[in-house]
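Side-chain atoms are counted along with the backbone in the values below, which use heavy atoms only and exclude waters and symmetry mates. From a predicted model like this one, the values you see are computed outputs, not experimental measurements.
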Amino acid sequence: MCGIVGGIAQRNVVPILLEGLKRLEYRGYDSAGLAVINNFELYRKRELGKVKELEALLHADPISGTIGIAHTRWATHGKPSTANAHPHVSGNKIAVVHNGIIENYEQLKTAQLAQGHEFTSQTDTEVIVHEVFNALQGANNLLDAVKHTVRKLEGAYALGIVNADEPDVLVACRKGSPLVIGVGIGEYFIASDVAALLPVTQRFIFLQEGDVAALHLDSVEIYDALDQVANRPIIESQLSPDAVDKGNYRHYMLKEIHEQPFAIAQTLEGRFINNRLQENSFGHNASEVFDNIKAVQILACGTSYHAGLVARYWFEELARVPCQVEVASEFRYRKPVLAADTLIVTISQSGETADTLAALQEAKKLGAKYSLTICNVPESSLVRESDLVLMTRAGPEIGVASTKAFTTQLATLMLLVIAVGRRFHLTGQTEQKMTAQLFRLPGEIEKVLQLNGAIKRLSEQFAEKQHALFLGRGAHYPIAMEGALKLKEISYIHAEAYPAGELKHGPLALIDADMPVITVAPNNSLLEKLKSNMQEVSARGGQLIVFMDETLVPVAEGNIQIIKVPQVENEISPILYTIPLQLLSYHVAVLKGTDVDQPRNLAKSVTVE
Ligand code: AGP
């Protein structure tokens, strides 16, 4: 993970770098640092903690320069500390910021120690800067030294590099980690994500795998992996600089929960004509691809994986489309057998999740002919590497806990189920029913958001709890999984989800008055089964909290609390039941005083294995 920013301009770049870092904090926030060149001298500041700590340090002891690089870190090699914070420096001249992991760093380090280099950090990154230092001894300039260095690196990297002796060039390169160049007027920038640079430009060049670029004040030269001059197009971003504003909300997460009705309306916008889903929404040759596929394999991580699990119920139940779902980090190493004509569907908010990207590449190696991604970031790697794309259009999601990205993924997956299902056993009637439900969804979510007050009161019972169980059945089991992930992620309460029928096979032993059991209980064909599972909890003195269809009567005796959820149709019900679970986690986390938007040890975009 980690976020990189850099710039070469005719003005002081420090405020630009700091603003960029704040916008990249979702990628990591355990320490931050920057380095600038001023009058052929390298100046560096680093601080443990978030970017605001670095900002305070710079306020107390300012530095300035017209060329510089900066970094916000999510620790991989070496604990969070000032010494491990980037930039890393060699010979007091060269500074490097890095996003990724250098897999052969131990081997490089052994050689460098023998050459007399002193190491001041435990990071894998430090070997890069010493390697550039070495290469500079025999190279014409920094650009050549970096080209030489990257040939020795194994693993993933996006790098920004400066040399105090060459204040007119910023060198950048990428392989396996994202990096964009921001094109200004008489100035150039680099960043891990366009969002970091939106205050200074909306024009971007997306570096390709293996590219090395040299940025000057008035020009940029790019070399591809074969060291040939490469012409990369300049792309205009549609994002506005204030798209990442918190507004009047206390946390991004709360804002993003409340944005869901609008976000889903955006997901559906322009994709139907006369209530019929247009298949060209997935790409110009989508119909042809869908005509050929015989099965679907979904690959994703975390919350996006949960979206895939819900979609499997839809694909198989509603349309009889064979569908498998797997955590991307398992798929990529499992040596799976792929059936012929399987559509590989990746789901990712960021489009940069390393495991998901690698799983897609693995599927292609295994012979997959068709790929589609469901993604929220148009310029991301997954979008670029997939044949078909359906954007979720949730808008920027800043809170590390995914909320609107998840529900828009589900809405988008329903569109995919319709498009693919038409070739299988999805009836015209079911298609119309699903379409009507999708269009009703924003309004239904508005109603569920009215439960906020009741859920906030309910959350008071959780603040002291150590553990929680979440139960669901059918397509609501992945919703229970998502509820448990949200709770543990932001409140640090240990939470697990079970398909309710599994309770008696072990977890029932955990039940006592201190174990809240959160149950998702819509009015569907599995309700009677679920009621029996709830009785099992009640009979053992467990504390039941039931999110239940408003039309139902209480289902168990004893310690039971009920939050009534507006009645909705079966197909969209998993999307609706997600919202109260998001609100529950949010309020519990606020009560516990955790960092809701940037929970400990996590990052928004997981671009390392
Ligand atoms: C969700 O709240 C998480 N932060 C996390 O599980 C996330 O969904 C996962 O890392 C996958 O990210 P992606 O959707 O960007 O690929």
Side-chain angles (χ1 to χ4, degrees), residues 257 306 310 444-445 447-465 467-488 491 493-504 507-508 510-570 572-588 591:
I257 289 173
H306 296 156
V310 175
E444 300 293 349
I445 295 178
K447 286 190 219 157
V448 179
L449 287 169
Q450 306 299 316
L451 297 172
N452 186 43
I455 294 172
K456 188 173 177 194
R457 286 190 292 283
L458 179 71
S459 68
E460 284 158 22
Q461 299 170 19
F462 275 80
E464 303 308 320
K465 299 289 181 197
H467 309 276
L469 276 185
F470 285 71
L471 300 182
R473 293 194 80 130
H476 295 80
Y477 164 49
I479 298 306
M481 293 169 80
E482 175 58 10
L485 176 64
K486 281 295 86 97
L487 188 69
K488 70 182 115 180
S491 76
I493 291 174
H494 171 230
E496 295 303 330
Y498 280 93
E502 271 293 293
L503 210 51
K504 56 190 175 292
L508 209 49
L510 295 169
I511 302 297
D512 64 15
D514 278 334
M515 174 67 88
V517 180
I518 297 114
T519 309
V520 183
N523 189 2
N524 63 19
S525 60
L526 292 167
L527 182 68
E528 290 309 316
K529 308 277 174 207
L530 189 67
K531 279 183 185 172
S532 311
N533 305 136
M534 286 193 268
Q535 297 288 4
E536 291 161 10
V537 174
S538 279
R540 284 152 185 91
Q543 184 197 356
L544 271 173
I545 290 144
V546 188
F547 290 94
M548 190 185 85
D549 187 294
E550 63 186 355
T551 60
L552 299 174
V553 285
V555 282
E557 300 292 312
N559 191 356
I560 174 166
Q561 272 163 300
I562 292 169
I563 298 276
K564 292 199 169 186
V565 178
Q567 191 192 20
V568 285
E569 297 94 334
N570 224 4
I572 55 165
S573 167
I575 311 182
L576 259 290
Y577 276 83
T578 304
I579 316 291
L581 300 185
Q582 294 171 343
L583 287 168
L584 181 66
S585 309
Y586 172 77
H587 288 300
V588 174
L591 277 177

Evaluate the side-chain proximity of [Y] to [X]: yes if any heavy-atom separation is below 4.5 Å, no if none is.
X	Y	result
Val565	Tyr577	yes
Leu469	Ile511	yes
Leu485	Glu482	yes
Leu451	Lys564	no
Lys486	Leu581	no
Leu508	Tyr498	no
Gln543	Met515	no
Asn533	Arg473	yes

Answer yes or no: is there a donor N or O on one side and an acceptor on the other, between the side chain of [X] and the main chain of [Y], under 3.5 Å?
X	Y	result
Glu550	Gln567	yes
Lys488	Ala495	yes
Ser538	Gln535	no

State whether the number of non-hydrogen atoms from other residues, nucleotides or ligands found under 6.0 Å of Lys465 atom NZ is greater than 12.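 Yes, the 6.0 Å shell around NZ holds more than 12 heavy atoms from other groups.
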More than 12 heavy atoms of other groups within 6.0 Å of Lys504 NZ: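 Enclosed: over 12 neighbouring heavy atoms sit under 6.0 Å from NZ of Lys504.
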Applying side chain to side chain contact (heavy atoms under 4.5 Å, CB included) to Glu496 and Leu510, what does each step give before you reach the verdict? CA-CA 11 Å; Glu496 295 303 330; Leu510 295 169; over 6 Å; no
Please report the interatomic distance [atom1]([X]) to [atom2]([Y]), rounded to the nearest 0.5 Å.
X	Y	atom1	atom2	answer
Leu458	Ile563	CG	CD1	5.0 Å
Asn452	His587	CG	NE2	3.5 Å
His306	Thr578	NE2	OG1	11.0 Å
Leu583	Ile257	CG	CD1	5.0 Å
Lys531	Leu526	NZ	CG	12.5 Å
Asn524	Asn570	CG	CG	5.5 Å

Could you tell me which non-hydrogen atom of [X] sits nearest to which non-hydrogen atom of [Y], and how far apart they are?
X	Y	value
Leu576	Glu444	CD1-O, 3.6 Å
Gly483	Ser585	O-OG, 4.0 Å
Val588	Ser491	CG1-CB, 3.8 Å
Pro574	Val310	CB-CG1, 4.1 Å
Pro522	Ser573	CB-OG, 3.6 Å

Do you know which of Ile545, Val546, Ile518, Leu544 makes side-chain contact (heavy atoms from CB on, under 4.5 Å) with Gln561?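 Only match with Gln561 under side-chain contact (heavy atoms from CB on, under 4.5 Å): Ile545.
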Assess the residue pair Val568 and Val448 against the criterion (side chain to side chain contact (heavy atoms under 4.5 Å, CB included)); give the C-alpha distance rounded to whole Å, side-chain angles, the decisive distance to 0.1 Å, and a yes or no. CA-CA 11 Å; Val568 285; Val448 179; over 6 Å; no
Side chains of Asp514 and His467: donor-acceptor distance under 3.5 Å anywhere?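 On atom types as modelled, these side chains do not qualify, holding no pair under 3.5 Å.
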Among all residues two or more places apart in sequence or in another chain, which pass the ring pair (Phe, Tyr, Trp, His ring centres under 6.0 Å) test with Tyr586?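 Only His251 meet the ring pair (Phe, Tyr, Trp, His ring centres under 6.0 Å) criterion with Tyr586.
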